[in-house]
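Each chain gets a letter, A, B and so on, in the order its sequence line appears, and its residues count up from 1. Small disclaimer: the values here were computed from a predicted structure and weren't measured.
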4 protein chains.
Amino acid sequence: MRERHFQPAPEWVVQQWFNTDKPLTLAALRGKVVVLEAFQMLCPGCVSHGLPQAQRVHQTFSSSEVVVVGLHTVFEHHEAMTPTALRAFLHEYRIPFPVGVDMPDGRNGVPQTMRAYDMRGTPTLILIDARGNLRQQHFGSISDLTLGAQIAELVLEAREDATGASATSAGSGADRSADDCASGACAIRMPNE
Amino acid sequence: MRERHFQPAPEWVVQQWFNTDKPLTLAALRGKVVVLEAFQMLCPGCVSHGLPQAQRVHQTFSSSEVVVVGLHTVFEHHEAMTPTALRAFLHEYRIPFPVGVDMPDGRNGVPQTMRAYDMRGTPTLILIDARGNLRQQHFGSISDLTLGAQIAELVLEAREDATGASATSAGSGADRSADDCASGACAIRMPNE
Amino acid sequence: MRERHFQPAPEWVVQQWFNTDKPLTLAALRGKVVVLEAFQMLCPGCVSHGLPQAQRVHQTFSSSEVVVVGLHTVFEHHEAMTPTALRAFLHEYRIPFPVGVDMPDGRNGVPQTMRAYDMRGTPTLILIDARGNLRQQHFGSISDLTLGAQIAELVLEAREDATGASATSAGSGADRSADDCASGACAIRMPNE
Amino acid sequence: MRERHFQPAPEWVVQQWFNTDKPLTLAALRGKVVVLEAFQMLCPGCVSHGLPQAQRVHQTFSSSEVVVVGLHTVFEHHEAMTPTALRAFLHEYRIPFPVGVDMPDGRNGVPQTMRAYDMRGTPTLILIDARGNLRQQHFGSISDLTLGAQIAELVLEAREDATGASATSAGSGADRSADDCASGACAIRMPNE
């Protein structure tokens, strides 16, 4: 039904992960909406706005539908924002979601994932749909009202995809999917709060 | 496709309107999502949270899809919160959207629309879908992230309804609907900002 | 010791008092620093900034040294901001300090005290020293840091006056004053918190 | 006149200074009120509350009377909060006042100045009067209203000291001092804003 064509989001290239037992790949998150928060630990706008907003998203939406991932995209002050310093930062700021360290370019420049997404700076908030397409990329701040609407759209698309997929399979399965969809689509339950 | 059954939202009963040339009826807003902000001008939570949030909704979403309406539901201090006082309040607080005065019950009690919706107090934020069904009713505060998601869900349903309707009609009409849908469904354009 | 000459603050002219059993006169408050918050109940800056700041002053400083008084200086929307409406407002916003209604001029213009002080609008915050002199008059907003400093200066002057006065009287009285002063002058105890 | 006895503030022991051409000693600041903000760059309360408040003090009071000094008292995550990382932090957060790095104890424990003041953690805000006495020490947050009052008290004491000193000297000097005092003591001019 959706005939629009979106670009696939580039796979991230990560040097080291925090807050997760095993490395995360974008490919493995297919089927979920991904909210990628690119930040630097010494970027004031990231600390005052971007990361708190990412935490609100993490608390508001169900982790079965929306996954929040941090990406430490160090493009300046490389000597200050080391993985060691990041570890302390994440601990002190109680960041609950997985955070990857964007792979350095080897010359203290823009790291590899940041370059692949052509990000203009930090904070950058990126929305990737359940099919793995890049759907939104915001540099700077975005209101919670707009962000909530954009995430919801991708969640609802994902539910529709899931329903459609089972609809092509047989009988009762489709019915159950329809039921799931019907119940799952209730706005009351979409956000956790 | 949606087989859920929702209750129709009661039509509001309004004594007097502000910020609109002619009275608004809920029936006439069919086809749009309605965000109804029930408030009292001397309710601190309405002034600090509810009305500013309603203004953000008014600014964020397109008025062709989402309509914000205020409802002055005076259930206490009737002698202080008269329509004359409300007029001054709306002017000083620069409220831009239409506001109706909920019809008094004639005994200085709970006004008629407030009673019909069984509201528990102010502020109460109510979401009514494009088919006129009551979908959400929040007493107190709700986060912008959750509200944005809930409004988006109703907007997307309304778009789907519009598309579905034309899909049942013939040929080129369906194609045009599909195009509208394709373009209209882009999250970038859904909120105005 | 202080040889500066300040203008005496005009006595306020009040139509009606709230939150006090008996009328307050400026004259009767001699010996205390008076923080006068002139406001209108439908003035957004008064509700969001001026009155909350006045409440913080009320909570922070000892009422034996600093008295906070509200003055409802209605110069517009007279029909909306009646004493009846003010009573409801003070109740809903939990204003704890005495509030006087500035005496109307009889022609729906600028009320009498507001005119006597030549105020430019609301909110206006006025500081009157313990001798009854007008010391500060701020239209609009002033930071808590600056306001705290200005109030402290007047409090310390008042303590000095009290000490100086008893120093001219005899013996043990002077000693007790000195003791009071010595203990009272400790910055730890000046604000209540 | 003031017969109270205060403890002299311990001289700070600093490994390295930022935002100043030459090392600062507490002794050399005699005659001015010193506001010492002890912080750690990865302490959330320091970043959200303590340092912004110190910046407001820096902007509000005249640097001829009140000096704001930061002290980086690293007692945890030593490997993350190095002087190199601090340099980047001060640059990104636009900290305008001098900041010293508290001298490590050599065992990754509590640094030397922090120990000398017996600080309980960060942020800690310390007020030192113009005579070099320790007058206030706040761990955690303190309101701007209270802080403004406490700083003002120390400023006024310093002015009194200055006046008193010249009053003991002869004739015209005393007169000039009195004039200075008279003009300097005006609350309007004490804070810069």
- Looking at side-chain heavy atoms only, is the closest gap between B:His77 and C:Arg87 below 4.5 Å? no
- Contacting region of C:Thr84 [heavy-atom separation from chain B under 4.5 Å]: both
- Item | Nearest heavy atoms of C:Ala85 and B:Ala80, plus distance in Å | CA-CB, 3.5 Å
- Message: Does B:His91, at its NE2 atom, have more than 12 non-hydrogen atoms belonging to other residues, nucleotides or ligands within less than 6.0 Å?
- Response: no
- Query: Which value, rounded to the nearest 0.5 Å, describes the distance between C:Leu42 atom CG and B:Leu42 atom CG?
  - Reply: 7.5 Å
- Pick from B:Gln40, B:Glu76, B:Met41: which one makes a side-chain contact (heavy atoms from CB on, under 4.5 Å) with C:Glu92? B:Glu76
- Query: Would the number of heavy atoms belonging to other residues, nucleotides or ligands and lying under 6.0 Å from NE2 of B:His49 be above 12?
  - Reply: yes
